[in-house]
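Here is the structure we will look at, set down as structure tokens.
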Amino acid sequence: MLIAAAVAVVVSMALMLARAIMGPTLYDRVLAVNSFGTKTVLLMGLLGFLTGRPDFLDIALLYALINFVATIAILKFFRYRSFQIPLSGRGVGGSDG
Amino acid sequence: MNFVSSIVLVDIALLAMLGVVAVAIIRLKSLFAIVMLSGVYSLVSATWFVAMDAVDVAFTEAAVGAGISTALMLGAMLLTARRVKTPDKAGARRWGPFLAVFATGGLLIFASTDLPAFGDPNSPANSYVGKDYIERTPSEVGPPNIVTAVLASYRGFDTFGETVVIFAAGVAVALLIGFGERALAFSGQRSVTPEPVSPDDHHMVLRVVSKLLIPLIALYAFYVQFHGDYGPGGGFQAGVIFAVAVILNALIFGLSETMDAVPAGAARAGAAFGVLLYGGVGVVNLLNGGAFLDYDYLFETPAPGSYDPHHWGQHFGILLVELGVLATVASTMIVIFYAFAGRAPEIRDEDW
Amino acid sequence: MADIAAFFAHWAEPLRVWLGTALALAGGVLVTIGAVGVLRFPDFYTRLHAASVTDTMGATLLLLGMALLAGWSLVTFKLALIWMFLFLTSPTASHAAANAAHTAGLEPIVGRWRGDDKSEDGA
Amino acid sequence: MPDYVLSHYNYWVVIVLMMVGLYIVFESGNLIKRLVGLSIFQTSVFLLYISLGKVAGGTAPILIGGGHGGDKSHGGDESHGAEGAHAVEAVDAHAGGHGGAHDAAHGAEHAAEILYSNPLPHVLILTAIVVGVATLSVGLAISVRIREAYGSVENDEIRAADISLGEAEETAA
């Protein structure tokens, strides 16, 4: 029955992919990609159980650790237009939508 | 042969997703959306690699795709443009690429009929060298992870070449867009930040969580490095993960503070040191009478006919070589990120 | 004593497997429901709810189910670590996205929703 | 025919992805988008290699149960082997309810010896991915320099600037 759970996760990945492609705002894309990453972690864990080897959990663990780096890079990109200044500073402001 | 199983189902679903993402990228004009979708593409392909038993490859793709490539693409976009301009293309320029691609694709599909069936254990690719590596690794090299054994020992010379390529790419980026430090010094006014004005700009949650996670990511990099003989992992993956930790630090706490913690000069020296360490291990083997990167000669010239069941030479040779790879990959990625992030953004408002 | 141990050996094992599978399945269903919500909800902020809340619960259920299936081993520890990191990073990323959207001036739809929202990134 | 499709569809998807990448490189005038197309092209090659290395019913090329040729000196090795064996056992224990889902686990149990997928393509692609991101960043750096020199990363505008510059030089000479 674990395969049913894997299929459910794959279906939710497909739905999330549709949102990532459709947009409409860039924040929807960010949200969809981030959620897609969480589902990837889960699917990798399930795949490990389906194939009977636990080595894959290391990869899922890595994604769980660093998947939000991209989101923060995007936040910096739009809010500060620079990777130099620290996050606590003042942003460029709401010209973007 | 018929092996419709869960893995084949997952395989088909993931490949379909890859196709959808790739086709969607053709149509998009917002470079940002393109970068987001290429992040999704990387996630899907990493999962597919897991389904195809290529756990080490999946590990590398995960480390590269989740942090580094998105950060580098966005860093380059800060310095170039944010949107694709849409020039009106005349008939030939529009249909020319399509026809060329269609013809090439048709030819390739025609050629693909000669490829062995998917999953065939007796295909030429799976019969000779690959099988040999699997059978001989336990008695000749030692580590349970055959990929590490092949990477660092059997094909050590090849990997040395790859390491040098990565080092050279880092040098090329530094030569093209500078080292980052000087640009940062010139844009010193930008990095001195004014007091936060809006409560939204404190980002307390992000800073606290990142401060917790950055050391864990760096620690995980070393776990991946030293566990690489026994499970998926190794110098390439660990190097990228370590660089991700530094990049996250730069994104949260600013570039100049990160350059205080990991100086750009140290990163450059580290990249060179890694290549030197790798090559040095090979030279030591040469001096002991063996071939280049033949780790059996690492400590001494083995007596003819002797067999070391511990494979200490191989063990330490792989360890040192992987350390060299770690130093080069991590340092090069950091140098590249510094180069992109340190250059002052001069994007025009009409391009934004 | 011996028959208690036998009882456990007889019943605990199937129960563990059944419970683990059921939890994993429930997690999968929950994740799918959340994804449908992300696809169908009208604006960014409502979609954020659908994604982040169900993701956290769905991931918890799935990982708990997998941990039950794995039994008591290093795998369980790794699953617990994954759960901990997801619990830290997933809400953080949602927070970052919501913060970015809010400070950029993306307005939530207030009142009745009529038709598609107009704010596009022009993709 | 279904067997043939099932044994070759991977290659077709790889070819489609490769052509999509090629089309993006040909069609788009934007240098950054072209680099993305190039990396899609590159990934399709990765997929081809890994497809060729997959062995039906095989498992990841990490030896189960150590495989040190009688070498007992590595504690970490033994614990890892135990972990791998445990997982296979755990899945097999309740594989009855899951039908044929656990091909690898079944392979491990029923085959005379464990089948491993081919490690050689994995090694080649693993290094190629990291080299790929390094070369991608070189491409991005060149784009940055082009943007600073020409004020654009669009192919048409760069060419127009080049042509007008050449004409200006010709009239000057």
Side-chain angles (χ1 to χ4, degrees), chain B residues 3 5-6 15 19 22 26 31 34 38 45 52-57 60-61 64 68-69 72 76 79-81 84-85 87 97 101 105 108-109 112 115 117-119 121 125-126 129-130 133-134 138-139 142 144-147 150-151 155 162 165-166 169 172-173 176-177 230 236 309-310 336, chain D residues 7 10-11 13 15-17 19-20 22-24 26-27 30 32-33 36 40 43 50 52 54-56 58-63 66-69 71 73 76-77 80 100-101 103 116-120 122-123 125-127 129-131 133-135 137-138 140-141 143-145 147 153-154 156:
Chain B
F3 79 114
S5 67
S6 56
L15 284 177
I26 296 182
L31 274 181
I34 290 172
S38 64
S45 57
M52 290 294 108
D53 299 335
V55 277
D56 278 279
V57 182
T60 320
E61 181 70 44
V64 166
I68 294 263
S69 61
L72 288 182
L79 301 168
T80 53
V84 177
K85 287 179 186 155
V101 162
L108 284 176
I109 286 188
S112 79
L115 283 171
F118 171 59
N126 295 339
V129 184
Y133 284 144
I134 296 173
S139 62
N145 187 352
I146 305 170
V147 174
V150 177
L151 179 94
R155 297 186 63 87
E162 309 272 17
V165 168
I166 292 165
V173 169
L176 276 166
I177 58 173
Y230 306 111
F236 284 97
H310 296 289
I336 291 173
Chain D
S7 64
N10 263 31
Y11 305 132
V13 175
I15 290 167
V16 167
L17 288 176
M19 289 308 115
V20 168
L22 196 61
Y23 182 75
I24 294 174
F26 280 166
E27 183 259 2
N30 186 291
I32 308 275
K33 191 171 176 183
V36 174
I40 288 178
T43 314
I50 302 296
L52 285 172
K54 166 77 178 166
V55 172
T59 181
I62 296 170
L63 298 175
H68 246 275
D71 175 12
S73 64
D77 168 26
H80 178 83
D103 47 335
Y116 294 104
S117 285
N118 191 350
L120 184 56
H122 300 182
V123 174
I125 298 313
L126 188 162
T127 53
I129 288 175
V130 183
V131 169
V133 73
T135 48
S137 61
V138 175
L140 290 172
S143 306
V144 168
R145 286 307 292 262
R147 160 71 176 68
V153 284
E154 299 286 337
D156 298 349

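Not measured: the values here are computed from a predicted model. Residue numbering restarts at 1 for every chain, and letters A, B, ... go by the order of the sequence lines.
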Spacing of D/Ile129 atom CD1 and B/Ile68 atom CD1 [to the nearest 0.5 Å]: 13.0 Å

Of the backbone (N, CA, C, O) and the side chain (C-beta and beyond), which part of D/Ile40 lies under 4.5 Å from a heavy atom of chain B, both, or neither? both

Carefully, step by step, assess B/Asp53 and D/Lys54 under the rule side chain to side chain contact (heavy atoms under 4.5 Å, CB included). CA-CA 7 Å; B/Asp53 299 335; D/Lys54 166 77 178 166; 3.1 Å; yes

Roughly how far, to the nearest 0.5 Å, is CD1 of B/Ile166 from OG1 of D/Thr127? 8.0 Å

Can you list the steps and then say if B/Leu151 with D/His122 is a side chain to side chain contact (heavy atoms under 4.5 Å, CB included)? CA-CA 9 Å; B/Leu151 179 94; D/His122 300 182; over 6 Å; no

Might you point out which heavy atoms bring B/Pro121 and D/Val55 nearest each other, and give the distance in Å? CB-CG1, 3.6 Å

Mind listing the closest non-hydrogen atom pair of D/Phe26 and B/Pro97 along with its distance? CB-CB, 3.5 Å

Looking at chain D, which one of B/Ile34, B/Asn126, B/Val165 has the largest number of heavy-atom pairs inside 4.5 Å, strictly under? B/Asn126

Counting heavy-atom pairs under 4.5 Å to chain B, which of D/Ile50, D/Val20, D/Val133 comes out on top? D/Ile50

Between D/Asn118 (side chain only) and B/Ala125 (backbone N and O only), is there a donor and an acceptor less than 3.5 Å apart? yes

Starting from the C-alpha separation in whole Å, work towards a yes-or-no answer on side chain to side chain contact (heavy atoms under 4.5 Å, CB included) for B/Leu108 and D/Met19. CA-CA 10 Å; B/Leu108 284 176; D/Met19 289 308 115; 3.4 Å; yes

Quick one: pull up CG in D/Leu126 and OG1 in B/Thr60 and give me the separation to the nearest 0.5 Å. 3.5 Å

Let me know if B/Ser112 has heavy atoms under 4.5 Å from chain D in its side chain, its backbone, both or neither. both

Quick one: closest heavy-atom pair of B/Met52 and D/Ser117, and the distance? O-OG, 4.4 Å

Given that the side chain runs from C-beta out, which part of D/Tyr116 has a heavy atom under 4.5 Å from chain B: side chain, backbone, both or neither? both

Please report the shortest heavy-atom distance between D/Val138 and B/Ala172, naming the atom on each side. CG2-CB, 4.1 Å

Stepwise side chain to side chain contact (heavy atoms under 4.5 Å, CB included) test for B/Ile146 and D/Ile62: CA-CA 6 Å; B/Ile146 305 170; D/Ile62 296 170; over 6 Å; no

Nearest-0.5 Å distance that lies between atom OG1 in D/Thr43 and atom CD in B/Glu61: 6.0 Å

Examine whether an atom of B/Val129 lies under 4.5 Å from a heavy atom of chain D, and if so say whether it belongs to the side chain, the backbone or both; otherwise answer neither. side chain

pair B/Lys85-D/Asp156: side-chain heavy atoms closer than 4.5 Å: no

Taking every heavy atom of D/Val123 against every heavy atom of B/Val147, the minimum-distance pair comes out as CG2-O, 3.6 Å

Nearest heavy-atom contact between B/Ile26 and D/Lys33 is O-NZ, 2.8 Å

Examine whether an atom of D/Ile15 lies under 4.5 Å from a heavy atom of chain B, and if so say whether it belongs to the side chain, the backbone or both; otherwise answer neither. side chain

CG-CG distance between D/Leu140 and B/Leu79, expressed to the nearest 0.5 angstrom: 10.0 Å

So for D/Val130, is it side chain, backbone, both, or neither that comes closer than 4.5 Å to the heavy atoms of chain B? both

For chain B, the option from D/Ile24, D/Ile32, D/Val153, D/Val144 that forms the most heavy-atom pairs under 4.5 Å: D/Val144

Minimum side-chain heavy-atom gap B/Ile177-D/Arg145 below 4.5 Å: yes

For the interface with chain D, which of B/Leu72, B/Ile336, B/Ile134 has the highest count of heavy-atom pairs at distances below 4.5 Å? B/Ile134

